[in-house]
Amino acid sequence: MRELQAPKGVSEYFPPRSQYFEFVRETLINSAKISGYQLMELPVFEDTELFKRGVGESTDVVSKEMYTFEDRGGRSITLRPEGTAGVMRSVIEHNLDKLTLPIKVWYSGAYFRAERPQAGRYRQFYQVGIEAIGLNDPEIDFEVIAVADRAFKKLGLKAYRLDITSLGDAKSRASHRKDLVAYIATLDLDEATLQRAALNPLRLFDDKRPEIQSAMLKAPLLLDYLSEESKASFARVQELLNSAEIAFTINPRMVRGLDYYTGTTFEFVSEKLGAQSGIGGGGRYDGLMAELGGSDLSGIGFGLGVDRILMACEAEGVFDSSLNKSEIDLFLIALTSEEKAYVSNLLNDLRNNGISCDMGYGDRALKGAMKSADKSGARFSAVIGSDEIKSGIVALKDMKSGESKEVRIGALSNEFTTN
RNA sequence: GUGGUCGUAGCUCAGCUGGUAGAGCACUCGGUUGUGGUCCGAGAUGUCGCGGGUUCGAGCCCCGUCGAUCACCCCA
């Protein structure tokens, strides 16, 4: 073991892969921006109470996966395990709910869950999320799903599916729960499973053991208990998805891990990843804001897993030629150490003019410097020795064709401003 | 948190039934004086994850530990 290493289960991105990470994240963010969502930048740690009340104490996330510690003032602090609760807190705290509705925001950053790491599951991971607060319309449900889907399509992803369901309103859920609990009581289950069922009976639908799956086949489904209103709203969401040609599957057995979901709920699943295949998910949350002490506004949002989406992109090979290796236009080489200062100044001037460029040193091995130029991905290179400085003319070499042309050093920046 | 697999040069890995380590790629230098990507030649590189044990002797065996990975729980 090295003396210093990253804490267990964190993901890190460095060149060259970091450019793909950045590309994925920017693509996700852009999809939100073009739909009218605005940035919300929030703290990565919050009062522990926020997550207990917002996410729900019965959830695994809160009961056993939070990074919680006491700060120097004796306050209980938790590194955020998800994004929605923090957004609600901030909206309430700054009275944004008193402004024009809906509030539409996006956010991006690191989230923390103390789970056993696995491919695609990290203790610090990255999400891009959006929230649309203050409107309970099927149109906005559709919009939120479409923002995610558009981003995935823009990235070039194909092997993913969208599962949706509706958890209905409070009344629908209550009557379903009664019947479901009664049904589960007739099953012969082990202690651990019974305990899970007591916290949230819906979880049994998600159990991967075949005997549980078959036992749940005849269990009452929440979708059959939806009120007329919920049913109509869910139908409208489906119509909108259909006309937008966004393929989806209704999955009445889908269960989300956070307690606050109500109404339309959805999940994007990649077919190219292993067990951790959920690349994004979200849904409507009716009571959350009131629960946290704000106005009784409904909202809907999603969280997209940047790490997993990046892995899905790699698995589908969408990056082949879609990205440039570098953002550098020009690579300058000082032939010997004599010219270093001159080239350094020239480089600085070019950069002041907005031209992306870098330099290398020839010293003894010009070959090595040319290799650096090649690896930098720069479109052009130019070697500068005493002759060039004297004449004021350099041979600007096109690295792709290998051809070069003479250019006055003073006019170098004009070569690039045109593109 | 539970269980399985794995941990050898920067990367991907080989190393037979225990005798103190290799390959490919990458890297550095060179193939006549100042031009990369192909080719040829030469070279550097490892406390074999870490700690302990068994043994005359361990990269290969045993225990622990750290990490990765796969699955479960759960989820992005």
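So you know, we letter chains A, B, ... as the sequences are listed, proteins then strands, and number each from 1.
- Out of rA71(B), rA68(B), rG34(B), the shortest distance to the side chain of Ala275(A) is found at rA71(B).
- Partners of Lys33(A) under the side-chain hydrogen bond (donor to acceptor under 3.5 Å, both in side chains) rule, at least two apart in sequence or in another chain, do not exist in this structure.
- Among residues at least two apart or in separate chains, ring pair (Phe, Tyr, Trp, His ring centres under 6.0 Å) pairs with a member in residues 111-133 of chain A are Phe21(A)-Tyr126(A).
- Between Ala395(A) and Gly280(A), the residue whose closest nucleotide on RNA chain B is further toward the 5' end is Ala395(A).
- One N or O donor and one acceptor, one from the side chain of Glu388(A) and one from the base of rG34(B), sit under 3.5 Å apart.
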Side-chain donor/acceptor pairs under 3.5 Å, residues 266-277 of chain A, sequence neighbours excluded:
| from | atom 1 | to | atom 2 | distance (Å) |
| --- | --- | --- | --- | --- |
| Glu267(A) | OE2 | Arg256(A) | NH1 | 2.9 |
| Ser270(A) | OG | Lys272(A) | N | 3.0 |
| Gln276(A) | NE2 | Gln118(A) | OE1 | 3.3 |

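- At the heavy-atom level, Tyr126(A) lies nowhere under 4.0 Å from the strands shown.
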**Q.** Dot-bracket notation for RNA chain B, counting Watson-Crick and G-U pairs under 3.5 Å, with | for partners on another strand
**A.** (((((((..((((........)))).(((((.......))))).....(((((.......))))))))))))....
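- Looking at Ser172(A) and Asp169(A), their side chains do bring a donor and an acceptor atom within 3.5 Å of each other.
- In this structure Thr78(A) satisfies the side-chain hydrogen bond (donor to acceptor under 3.5 Å, both in side chains) test together with Thr48(A), Thr68(A), sequence neighbours excluded.
- Among the atoms of the strands shown, only primed sugar atoms or phosphate atoms (P, OP1, OP2) are found under 4.0 Å from some heavy atom of Ile279(A).
- Side-chain atoms of Gln127(A) lie closest to rA76(B) of the nucleotides rG34(B), rA68(B), rA76(B).
- For Met399(A), the side-chain atoms get nearest to rG36(B) when compared with the rest of rC73(B), rG36(B), rA76(B).
- By the side-chain contact (heavy atoms from CB on, under 4.5 Å) test, Asn348(A) pairs with Asn352(A), sequence neighbours left out.
- Counting distance only, with no hydrogens placed and no angle test, the side-chain atoms of Asp374(A) and the base atoms of rG36(B) include a donor-acceptor pair under 3.5 Å.
- Partners of Ser175(A) under the side-chain contact (heavy atoms from CB on, under 4.5 Å) rule, at least two apart in sequence or in another chain, are Tyr225(A).
- Distance CD (Gln5(A)) to P (rA68(B)): 8 Å, rounded to an integer number of Å.
- In this structure, Arg351(A) has no side-chain hydrogen bond (donor to acceptor under 3.5 Å, both in side chains) partners at least two apart in sequence or on a different chain.
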Is there any protein nitrogen or oxygen under 3.5 Å from a nitrogen or oxygen in nucleotides 1-6 of chain B, and what are the pairs?
| from | atom 1 | to | atom 2 | distance (Å) |
| --- | --- | --- | --- | --- |
| rU2(B) | O4 | Arg116(A) | NH1 | 2.9 |
| rG3(B) | O6 | Arg116(A) | NH2 | 3.3 |

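- At the heavy-atom level, Arg113(A) lies under 4.0 Å from base atoms of the strands shown.
- No hydrogens or angles were tested; on distance alone, a donor-acceptor pair under 3.5 Å links the side chain of Lys367(A) to the base of rG31(B).
- Within the structure, salt bridge (Lys or Arg N to Asp or Glu O under 4.0 Å) contacts touching residues 397-413 of chain A (residues at least two apart or in different chains) are Arg379(A)-Asp398(A), Lys405(A)-Glu415(A).
- Residue-level contact check: Ala373(A) touches neither bases nor backbone, having no heavy atom under 4.0 Å from any strand.
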Would you tabulate the pairs of protein nitrogen or oxygen atoms and nucleotide nitrogen or oxygen atoms of nucleotides 24-29 of chain B closer than 3.5 angstrom?
| from | atom 1 | to | atom 2 | distance (Å) |
| --- | --- | --- | --- | --- |
| rC27(B) | OP1 | Lys375(A) | NZ | 2.5 |

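- In terms of position along RNA chain B, the nucleotide closest to Ala382(A) lies nearer the 5' end than the nucleotide closest to the other residue of the pair Ala382(A) and Gly274(A).
- The side-chain hydrogen bond (donor to acceptor under 3.5 Å, both in side chains) check on Tyr260(A) picks up Glu82(A), Thr84(A), with sequence neighbours excluded.
- What separates CE of Met311(A) from C1' of rC70(B) is a distance of 13 Å, to the nearest Å.
- Nucleic acid contact class of Asp60(A) (heavy atoms, under 4.0 Å, all strands): sugar-phosphate only.
- Looking at Glu211(A) and Ser214(A), their side chains never bring a donor and an acceptor atom within 3.5 Å of each other.
- Side-chain proximity of Lys397(A) to the nucleotides rA71(B), rC70(B), rG36(B) is greatest for rG36(B).
- For the C1' atom pair drawn from rG15(B) and rG59(B), the interatomic distance equals 8 Å after rounding to whole Å.
- Across Thr249(A), Asp149(A), Ile145(A), a single residue satisfies side chain to side chain contact (heavy atoms under 4.5 Å, CB included) together with Leu162(A), and that is Ile145(A).
- Residue contacts shown for Gly9(A) are limited to sugar-phosphate atoms, with no base heavy atom under 4.0 Å away.
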